[in-house]
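So the structure is just underneath, and the comments pick up after that.
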Amino acid sequence: MKKNYEDYSREDLIRLVRERDRKPKFGLLWERDEIDHDRSINSDFIALDFVSELSCGQGPYPNLIIEGDNFDALRYLRMTHAGKVKCIYIDPPYNTGNRDFIYNDRFVEKDDLYRHSKWLEFMYRRLDLARELLREDGVIFVSIGEEEYAHVSLLMELVFPGMKVGTFVWRRRSGANDAKGAFLSVDHEYVLCFAGPQFSFAGRPKERVDSNPDNDPRGPWVDGPLTKAHNFKQRPDAFYPLQNPETNRWYACDPDSVWRFASRERLKVGQKIRALPMEVLVEEQRLRWPADERVVTYETVESFMDAVHKGTAPRNLRIYSELGAIKAAVDKGDIPSRVLDAIVPPEFWVGKAIGYGTPRIKRFVSEIKRTEKPLSTWITPASMKKAELEEIDFEGIEVITTGFTSEGTALLAQMIGNKDFPYPKPIALVKALIAQSTGPEDLVVDFFAGSGTTGQAVLELNADEDADADSAASRRFILVSSTEATSDVPDKNVCRDITRARLNATINGYSYKAKEDMKKVEGVGGTYAYLRTRRILTERVFRTIQHDQVWTALQLIHAEEVGEYDPATPIQVIAGSHTVVIYLTKITDRIIGDLKSILRQYGQATIYSWQPALLEHRIADPRVSFAPIPQFLVNRFGAGARK
């Protein structure tokens, strides 16, 4: 849209120039002035209504399902949970144009000229809020498809600068589908990972090491490869024969995998190395030599070379059958002469006891910095056959295994009895990511909760760990799911009818028909509170906000869990071991007396009241602090607001 700058005032033009100067010169740009603003963007105060009849179990509730626009919910959570969330997992709309993205109460169609810009503006607003929820060691995962992968990658870099960890890739389906018309089947999706500087994946604990067969005084050890993936042409200085001084046996270096450690004899004058030289490792008895191995000795160069050409000599000596080709390459200048110089002459091996095995290095547990295997970004399909997996080198890494989206669809249909929610993520994927990134007491948030896969993953993970540990796991979740109602379908409610239904099935168990039989799946237990967002005009908060809404907010701020408000008592209490938080709805002489009795039981107290000045006058106690309601909440709600 062309701007008519002649209609702008001087102040407007100055503002535009300043905005333009602030925009990044490299990175992601999208039309913001030309598109209709997301209608969820507003300056209203947000409250939460507790819906008792839709909640599950008895309070106080550590888990929350919030029905409402996730922009509203995120602003509320910024007030209550800023800096408290360990893991955020979201599966936002992929913006395929196939009626999967609702913007301003209507689906965004493929032919919308601002389809990508609307999606980016929508995501930017929410990710900007989500960043404030994360702890210093927090992590956010974003599932995304091919349509917006490049855009959201740049958007994440903008919102979470310097926090990129990596991108997981997983296969979403088993069959082919030439959807693009270019004979290309897009079978994969991505999970972007950004995290704080203190974050680390759990990896996988390596097998417990208590082996010390030689009674080494340095304690238990494991042996590892003494070679690395470089050939003799790439690392000629690391290509040399190695001797066991105790047995006088010699070992030839593999020309395709040279030694990991340098030799003193090959070091240049003044050359510094980061690791110990091989001679020190031998002297300190840090090598594990092959035991009960085959050994051969050659009395002449002729017998040595004859064995090499016949293939009966130790395998690593095969390089001597290639000497002619190596010399020719040096003469042509294709490889430097020092490569040829690194090969000891055949005469060196005459009369020596040559081993067929390969030494390994002893790695003492006391010296290993981390005993876990790092996590791979490649997610393997659960359908891969054992033989296929064995062909892949997974040594030293942990790999997540998951099913296809079809499995997520089938599971959800079994749990809630319909297929009204298309292509939910497979539970194994979300469960594995949460297991790798959280501890047993951490908080997980999903503000595109959809069918509730994240909630189920948290509950199942807690149940799995409870079965294997002495203490109970108590990860908590906050799921935000909208109704997804539009002007065309005003009565639709995904949060109530799908998200909640799935969580109920997870907690209480469910039955489904498999062929001709009914199968029963036991519940894993758990509870949740069902809450709804409510917008309140800021200027009306003092007259409109209700006691139960105040009490819900105070509980989440101070206890990170919520119970029902009791209208029968004017004193609501959150009790700790030495401190107490109190919400006082009114003040009378009798209430003051009851309040003083409560305060005598604790060392410190915070009292929230509509009349804090009057209350402070009646209770003169230095251990007690007073805060005004609702001003405290209004200030806290707006403290993180951005212009």
Side-chain angles (χ1 to χ4, degrees), residues 28 87-101 110 115-116 119-120 123 127 139-157 160 164-195 201 203-204 374-394 397-412 419 421-437 446 448 450-451 453-454 457:
L28 182 66
C87 173
I88 296 174
Y89 172 83
I90 58 172
D91 184 15
Y94 284 10
N95 197 22
T96 63
N98 296 322
R99 300 182 68 82
D100 68 331
F101 173 41
K110 276 187 176 181
R115 174 162 67 95
H116 295 291
W119 188 87
L120 285 168
M123 290 297 297
L127 289 171
V139 60
I140 179 170
F141 299 103
V142 180
S143 280
I144 200 66
E146 194 69 33
E147 292 80 9
E148 296 288 359
Y149 168 70
H151 297 145
V152 80
S153 296
L154 291 173
L155 183 63
M156 294 290 287
E157 293 278 9
F160 302 92
K164 184 173 183 178
V165 175
T167 302
F168 294 90
V169 182
W170 69 286
R171 190 177 178 189
R172 63 179 177 174
R173 63 176 171 221
S174 58
N177 182 13
D178 176 25
K180 299 293 183 181
F183 209 58
L184 177 69
S185 180
V186 180
D187 301 328
H188 66 281
E189 290 185 5
Y190 308 93
V191 181
L192 282 76
C193 175
F194 284 67
F201 286 110
R204 180 182 181 184
L375 185 65
S376 172
T377 56
W378 184 37
I379 298 175
T380 61
S383 61
M384 286 188 71
K385 298 178 181 178
K386 184 178 180 181
E388 294 176 306
L389 292 171
E390 289 176 349
E391 292 179 1
I392 305 169
D393 182 13
F394 288 141
I397 58 174
E398 167 68 356
V399 178
I400 292 174
T401 299
T402 187
F404 304 119
T405 52
S406 58
E407 296 181 24
T409 302
L411 174 62
L412 182 60
K419 296 183 180 180
F421 192 93
Y423 307 118
K425 289 295 179 289
I427 185 70
L429 173 65
V430 182
K431 193 173 174 180
L433 292 173
I434 294 173
Q436 279 289 327
S437 58
D446 183 349
F448 285 99
S451 71
T453 307
T454 300

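- Shown here for Asp100 and Asn95, the closest heavy-atom pair between the two residues is OD2-N, 3.0 Å.
- Ring geometry for Phe194 versus Phe160: interplanar angle of 30 to 60°, hence tilted.
- Here the shortest heavy-atom pairing between Pro424 and Ser451 reads CB-OG, 3.6 Å.
- Of the possible polar contacts, one joining the Trp119 side chain to the Pro93 backbone as a donor-acceptor pair under 3.5 Å is found.
- The environment of Phe404 atom CZ is dense: over 12 non-hydrogen atoms of other residues, nucleotides or ligands sit within 6.0 angstrom.
- Although no hydrogens or angles enter the test, the distance criterion places a donor-acceptor pair under 3.5 Å between the side chain of Thr405 and the main chain of Arg172.
- Nearest heavy atom pair, residue Glu146 against residue His188, reads OE1-NE2, 3.1 Å.
- A donor and an acceptor atom, one from each side chain of Tyr89 and Ser143, are located under 3.5 Å apart.
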- Residues Ile427, Leu411; criterion side-chain contact (heavy atoms from CB on, under 4.5 Å); working and verdict: CA-CA 9 Å; Ile427 185 70; Leu411 174 62; 3.9 Å; yes
- Task: Evaluate the criterion side-chain contact (heavy atoms from CB on, under 4.5 Å) for residue pair Thr167 and Tyr149; output intermediate values, then yes/no.
- Result: CA-CA 10 Å; Thr167 302; Tyr149 168 70; 3.8 Å; yes
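- Separating the OH atom in Tyr94 from the CD atom in Glu148 is a distance of 11.5 Å, to the nearest 0.5 Å.
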- Worked check of side-chain contact (heavy atoms from CB on, under 4.5 Å) between Ile140 and Leu127: CA-CA 10 Å; Ile140 179 170; Leu127 289 171; 3.9 Å; yes
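- The two atoms that bring Phe141 and Ser437 nearest to each other are CE1-OG, 3.6 Å, heavy atoms only.
- Of all non-hydrogen atoms in Leu155 and Met123, the two that sit nearest each other are CD2-CB, 3.7 Å.
- Results of the side-chain hydrogen bond (donor to acceptor under 3.5 Å, both in side chains) test with Lys425 over Thr454, Thr453, Asp91 single out Asp91 as the only residue that passes.
- Side-chain contact, Glu147 with His116: no donor N or O sits under 3.5 Å from an acceptor N or O.
- Of all the heavy atoms in Cys193 and Phe201, the pair that sits closest is SG-CZ, 3.7 Å.
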- Query: Going through the distances and angles, do Ile400 and Leu375 end up as a side-chain contact (heavy atoms from CB on, under 4.5 Å)?
  - Reply: CA-CA 8 Å; Ile400 292 174; Leu375 185 65; 3.9 Å; yes
